[in-house]
Participant: 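Can you read through this structure? Questions will come right after.
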Amino acid sequence: MWSMAFTELWERYSFYGLQGILSFYLLYSLAQGGLEVEPAAAAGIVGAYGGSVYLSQVIGAWLGDRLLTPRTMVLSGAVIITAGHLVLAFGPGFGGLAVGLVLIVLGTGALKTNITSIVGFVLEGGSQRQRDVGFSYFYMAINIGAVVGPLTTGFAQNEYGFHLGFGLAAIGMAAALVQFIASMRKLPARALVVNNPLPRRRLPLVALVALLGVGAIAAASATGLLRAANLSTVVTVLALIAAAAYFLTMTTSRAVTPDERRRVLGFLPIFLASGIYFGFLFQKFTAISILVVERIDLQIGDWTFPVAWITTMSPLAGVLITPVIAKLWNLMGDRQPRPATKVAIGLIQIGCAYVFLLIVSQSTGDAFIPLALILLFMAAAGSSEVMVGPIGLALATRIGPGAFRAQMVGLNFLTLALGSSLSGLLGQLFTKIDGAAYFSLVGFGALVLGGALYLARRPLTGLMGAGLGR
């Protein structure tokens with residue numbers, strides 16, 4: 001368990017180390033070492049990149065379930081991600097950015113769901129309470145990487161430029177690769193086998209579909225149908241289509257029992273609520289990044305506060321609160337809130353955070369927003385993730401149909417794909433409407449959605465527990 005957690009820590013170090021400075025690399029002027037992209041286009045690129053990273057994990061989950069072992073997928077993914085970060089570190093301009101991001105998308109697709117499935121194998125047989133606690137600590141490792149990554153890459157960018165920051169992210173990914181190789185001999189036996197092998201006669205069809213997909217993307221890019229302005233929209237639509245296909249497949253498959261079908265249907269509202277939640281949370285990389293560039297004074301005396309450190313406050317709050325929440329769940333035992341209630345609490349909390357930001361932005365008028373207040377907002381929003389992220393992971397590995405276990409994890413990660421691309425759309429909306437209207441929409445929207453989910457908690461709990469013990 002801990003070896004997988006440390007591998008994930010370093011992988012997340014590299015991912016969030018890049019994510020922490022990527023928005024500002026696009027937004028900053030050429031004189032500041034950036035690419036000077038228009039805010040709406042920058043939000044679209046960042047949202048689409050994040051959505052593509054998680055959308056690719058659907059393919060990775062399928063490959064790890066049907067063609068290759070989870071161990072092989074994780075190892076190959078780590079190598080590809082490392083290559084992507086190296087390209088970002090040494091490749092200049094839009095060309096280096098595009099190639100590096102594509103490699104990271106492909107590599108993360110191979111690695112992410114499969115390493116989570118391996119963690120599920122380690123915790124297999126445990127109660128829901130034990131799995132929630134185990135995944136909470138696994139999620140804490142994720143958040144530690146998400147904190148340390150932007151802290152170090154943000155400092156490097158602030159002092160020496162963006163490409164050195166990208167280089168530190170490459171070093172972090174190399175550490176993840178070394179950690180995984182060192183732990184391979186201790187992996188559970190299920191990590192070394194293909195769960196549901198694809199018949200050989202269907203391999204040519206898979207190859208044809210892959211070639212057609214690559215050709216379609218290349219053609220759309222060459223003809224201008226796929227561009228920065230609509231990237232987030234395209235990825236959002238693809239995420240919704242992929243999710244619909246997964247839900248339809250699992251609820252109609254003959255390999256799925258009636259109880260498993262009920263559990264999948266019960267997961268549907270949790271999936272949608274979580275996707276919207278992450279759309280609100282990931283605005284730290286889109287709308288909030290634009291707000292920081294436009295309205296936050298980073299000067300503290302003669303020193304400039306590293307801009308990436310602002311977004312770091314979000315996962316840092318998650319790291320600090322996770323042991324407290326995990327301890328609380330342990331103490332409460334079977335009396336702890338059910339998963340639907342926990343997700344509802346997370347939505348209500350992040351809604352309150354945005355209402356706070358609404359009050360702050362309006363009370364300061366056209367003046368700079370104090371740095372301390374934006375950090376407080378980040379902490380309030382980021383600490384809510386402990387109520388959503390690890391709960392979804394634990395649910396996916398427990399309630400998924402036996403024939404679709406790895407793909408159920410991939411479906412759960414689609415909440416992150418949906419959230420990331422949605423954050424890009426929200427970032428573009430932020431550039432077009434009044435700030436008060438925008439923060440009201442997000443803040444009160446989260447509160448209403450969280451309240452509705454809380455009211456529906458009992459029937460959802462019944463559906464997701466069908467055929468399972470407590």
Side-chain angles (χ1 to χ4, degrees), residues 9-39 41-43 45-47 49-50 53 81-101 103-104 108 143-176 282-316 371 374-375 378 382 423 427:
L9 186 156
W10 283 113
E11 188 273 332
R12 291 292 88 181
Y13 169 95
S14 67
F15 179 80
Y16 284 106
L18 164 63
Q19 194 89 331
I21 59 178
L22 177 60
S23 299
F24 303 107
Y25 183 50
L26 293 168
L27 290 167
Y28 275 22
S29 68
L30 297 175
Q32 294 172 298
L35 297 179
E36 205 167 336
V37 176
E38 286 295 319
I45 292 170
V46 172
Y49 161 67
V53 162
I81 297 170
T82 303
H85 283 294
L86 288 172
V87 170
L88 284 174
F90 296 104
F94 282 103
L97 179 72
V99 173
L101 293 185
L103 286 173
I104 293 170
T108 307
N143 277 328
I144 289 173
V147 170
V148 180
L151 280 177
T152 53
T153 60
F155 179 80
Q157 174 270 318
N158 195 59
E159 301 297 325
Y160 307 107
F162 283 100
H163 288 283
L164 184 60
F166 296 148
L168 286 181
I171 292 172
M173 194 59 232
F282 290 159
Q283 286 182 100
K284 60 189 176 184
F285 301 123
T286 57
I288 303 303
S289 291
I290 296 170
L291 180 73
V292 167
V293 171
E294 294 178 347
R295 292 200 57 191
I296 305 297
D297 184 4
L298 300 175
Q299 287 300 127
I300 302 176
D302 295 330
W303 183 62
T304 302
F305 187 86
V307 67
W309 287 11
I310 295 176
T311 56
T312 307
M313 182 57 65
S314 174
L316 176 60
L371 177 60
I374 199 71
L375 292 175
M378 283 291 189
S423 75

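Sequential numbering from 1 along the given sequence is applied to the chain's residues.
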Participant: I'd like to check Val87 versus Leu103 (side-chain heavy atoms, cut-off strictly below 4.5 Å). Are they in contact?
Facilitator: yes

Participant: If you measure from CD on Glu11 to OG1 on Thr82, what distance do you get to the nearest 0.5 Å?
Facilitator: 9.5 Å

Participant: Hey, are the side chains of Met378 and Thr312 touching, using non-hydrogen atoms and a 4.5 Å cut-off?
Facilitator: no

Participant: Going through the checks in order, is the side chain to side chain contact (heavy atoms under 4.5 Å, CB included) test met by Ile288 and Thr311?
Facilitator: CA-CA 9 Å; Ile288 303 303; Thr311 56; over 6 Å; no

Participant: Enter the distance from Lys284:NZ to Ile374:CD1 here, rounded to the nearest 0.5 Å.
Facilitator: 13.0 Å

Participant: Please lay out, stage by stage, how Asp297 and Phe305 fare under the test side chain to side chain contact (heavy atoms under 4.5 Å, CB included).
Facilitator: CA-CA 9 Å; Asp297 184 4; Phe305 187 86; over 6 Å; no

Participant: Could you tell me whether the side chain of Ile21 reaches within less than 4.5 Å of the side chain of Val307, counting heavy atoms only?
Facilitator: no

Participant: Counting C-beta onward and ignoring hydrogens, is there a side-chain heavy-atom pair between Ile144 and Val148 closer than 4.5 Å?
Facilitator: yes

Participant: Can you tell me how far the CD1 atom of Ile310 sits from the CG atom of Leu298, to the nearest 0.5 Å?
Facilitator: 5.0 Å

Participant: Out of curiosity, Leu371 CG to Met313 CE, how far, rounded to the nearest 0.5 Å?
Facilitator: 8.5 Å

Participant: With under 30° as parallel and over 60° as perpendicular, where do the rings of His163 and Tyr25 fit, or are they tilted in between?
Facilitator: perpendicular

Participant: Can you list everything that forms a side chain to side chain contact (heavy atoms under 4.5 Å, CB included) with Ser23? Sequence neighbours excluded, please.
Facilitator: Val46, Phe285, Ser289

Participant: Heavy-atom distance under 4.5 Å between the side chains of Gln157 and Phe166, does that happen here?
Facilitator: no

Participant: Should Phe15 and Val53 be marked as a side chain to side chain contact (heavy atoms under 4.5 Å, CB included) after you check the CA-CA gap, both sets of side-chain angles, and the distance that decides it?
Facilitator: CA-CA 10 Å; Phe15 179 80; Val53 162; 3.8 Å; yes

Participant: If you define the side chain from C-beta out and look only at heavy atoms, does anything of Asn158 sit under 4.5 Å from Thr304?
Facilitator: yes

Participant: Holding to side chain to side chain donor-acceptor pair (under 3.5 Å), I want the full list of residues that pass it with Gln32, two or more places apart in sequence or in another chain.
Facilitator: Ser29

Participant: Strictly distance-based, threshold 3.5 Å: is any side-chain N or O of Trp309 a donor or acceptor partner for the main-chain N or O of Leu151?
Facilitator: yes

Participant: Are any side-chain N or O atoms of Glu36 and backbone N or O atoms of Tyr28, one a donor and one an acceptor, separated by less than 3.5 Å?
Facilitator: no

Participant: Are side-chain heavy atoms of Leu88 and Val99 found at a separation under 4.5 Å?
Facilitator: no

Participant: With side chain to side chain contact (heavy atoms under 4.5 Å, CB included) as the criterion, how do Thr153 and Leu164 come out once you've worked through the C-alpha distance, each side chain's angles and the decisive distance to 0.1 Å?
Facilitator: CA-CA 8 Å; Thr153 60; Leu164 184 60; over 6 Å; no

Participant: Out of curiosity, Leu18 CG to Leu101 CG, how far, rounded to the nearest 0.5 Å?
Facilitator: 6.5 Å

Participant: Tell me whether the count of non-hydrogen atoms from other residues, nucleotides or ligands lying under 6.0 Å of CD in Glu159 goes above 12.
Facilitator: yes

